[in-house]
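For ligands, and for the atoms within them, numbers begin at 1 and follow the listed sequence. All values below come from the heavy atoms of this structure, side chains included, with hydrogens, waters and symmetry mates left out.
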Amino acid sequence: MISSLEGRKLKDDIIRFCKERGADMVGFAPAERWDEFGEVPPDFRPKALFPQTRTVIVMGMSMPLPVVETTPSALHKELYDITNRQLDDLALELTRYLNRMGHASFPFTRDTYTSMRALRENNLAAFGHVPAAKYAGLGTIGMNQCILTPEFGPRVRFVSVFTDAEIPADPMQPKELCIKCGLCASLCPKKAIKPRDDRVIGDYDKTACLEMHEELVKQRCSPCGICTKVCPIGKDRLLYKSKGIRKKYMKERETLAGNPEAPEYKTWQHVRKYGIPHKLKEHPGEKE
Ligand code: SF4
Ligand code: SF4
């Protein structure tokens with residue numbers, strides 16, 4: 001057992017450690033929150049995976065909005081892959097750091113699947129970073145099934161470390177961040193997100209989303225991420241002076257179908273043209 005003073009000092013040390021290594025956000029969830037909320041099946045909870053777990057440390061790295069806006073593109077794919085790698089490195093480094101201090105820890109890497117075939121057979125992760133980020137107070141789950149954060153909306157990726165150290169927990173977000181604008185659902189090229197009247201989180205057709213992912217993997221420019229691009233939530237929109245862009249997102253597909261050189265989309269189209277083996281279809285996601 002560590003005292004509450006030691007716990008607070010350890011928390012500060014961990015936050016410093018993670019931020020010095022590129023984390024934009026760090027949150028702390030007590031393992032009991034998975035049981036309290038009962039949303040995650042028992043076998044997928046931290047204590048089932050690593051019985052010594054007292055705290056789950058969740059780290060987030062942001063995805064810069066102007067790159068996300070070019071999706072699908074080689075540039076967006078690179079950003080996604082680099083961010084995942086950095087998060088995995090950070091989780092492993094933090095685990096070793098905590099172990100050296102005598103706190104048994106266990107990293108859960110970002111994307112834990114080996115092939116598209118594995119996803120087709122069972123499109124479920126052994127551990128979900130989305131509920132972990134919610135229980136660590138970093139955001140709330142939006143209609144698009146992603147964590148929305150006040151800082152970056154859904155344009156942030158997460159990784160988790162389980163530890164036996166008892167570290168003061170962060171409070172959860174006090175209110176839903178999703179405003180149910182429905183943009184993610186209406187602009188999803190596969191119509192994989194269905195809004196619901198009775199709750200914020202939409203129904204999600206995993207198979208349809210996976211189909212999109214498979215098409216983009218063939219073109220070497222996965223993932224899709226349109227539902228993270230268009231979400232209006234996040235202070236990153238202020239940084240990039242990107243408020244009030246809804247109309248531009250809504251008209252994009254139709255405009256480019258008529259004129260792939262439309263000047264208002266020139267930058268995004270330029271990035272999309274290069275670095276992939278063949279020309280992207282004008283309507284990514286639709287069947288030929
Ligand atoms: S990633 Fe693309 S296909 Fe999947 S839900 Fe989001 S917008 Fe739809
Ligand atoms: S795009 Fe709108 S409905 Fe979808 S997650 Fe963001 S705020 Fe919610």
Under 4.0 Å from a heavy atom of Gly225: give me the atoms of ligand 1 that qualify, with their elements. 1 (S)
Shared hydrophobic cluster, Leu177 / Ile147 (ILVMFWY, side-chain heavy atoms < 4.5 Å): no
Where is the nearest protein heavy atom to atom 4 (Fe) of ligand 1: which residue, which atom, and how far? Cys209 SG, 2.4 Å
For atom 2 (Fe) of ligand 1, grab the closest protein heavy atom and report residue, atom and distance to one decimal in Å. Cys224 SG, 2.3 Å
Cluster question for you: counting only ILVMFWY and a side-chain heavy-atom cut-off of under 4.5 Å, with indirect links fine, are Leu148 and Val200 together? no
How are the rings of Phe108 and His129 set to each other: parallel, tilted or perpendicular (split at 30° and 60°)? perpendicular
Atoms of ligand 1 under 4.0 Å from any heavy atom of Met212, numbered from 1 in the order shown, are 3 (S)
Quick note on ligand 1: atoms under 4.0 Å from a heavy atom of Pro189 include exactly 7 (S)
Would you call the rings of Tyr135 and Trp34 parallel, tilted or perpendicular if under 30° counts as parallel and over 60° as perpendicular? perpendicular
Regarding Cys188, does it place an N, O or S atom less than 2.8 Å from atom 8 (Fe) of ligand 1? yes
Which segment of Val200 sits under 4.0 Å of ligand 2 when only heavy atoms are counted: neither
Which N, O or S atoms belonging to the protein are less than 2.8 Å from atom 4 (Fe) of ligand 2? Cys184 SG
State yes or no: do Val68 and Met250 share one hydrophobic cluster built from I, L, V, M, F, W and Y residues joined by side-chain heavy-atom distances below 4.5 Å, directly or via other members? no
Sub-4.0 Å atoms of ligand 2 with respect to non-hydrogen atoms of Ile233: 7 (S)
For the side chain of Arg45 and the backbone of Lys47, is there at least one donor-acceptor N/O pair under 3.5 Å apart? no
Quick check: closest heavy atoms across Ala91 and Pro107, and the distance to 0.1 Å? O-CB, 3.9 Å
is_close_aromatic(Tyr97, Phe17), centroid dist under 6.0 Å: yes
Should the pair Lys247-Glu252 be classified as a salt bridge under the 4.0 Å nitrogen-to-oxygen rule? no
Under 3.5 Å: donor-acceptor pair, side chain of Thr70, backbone of Val67: yes
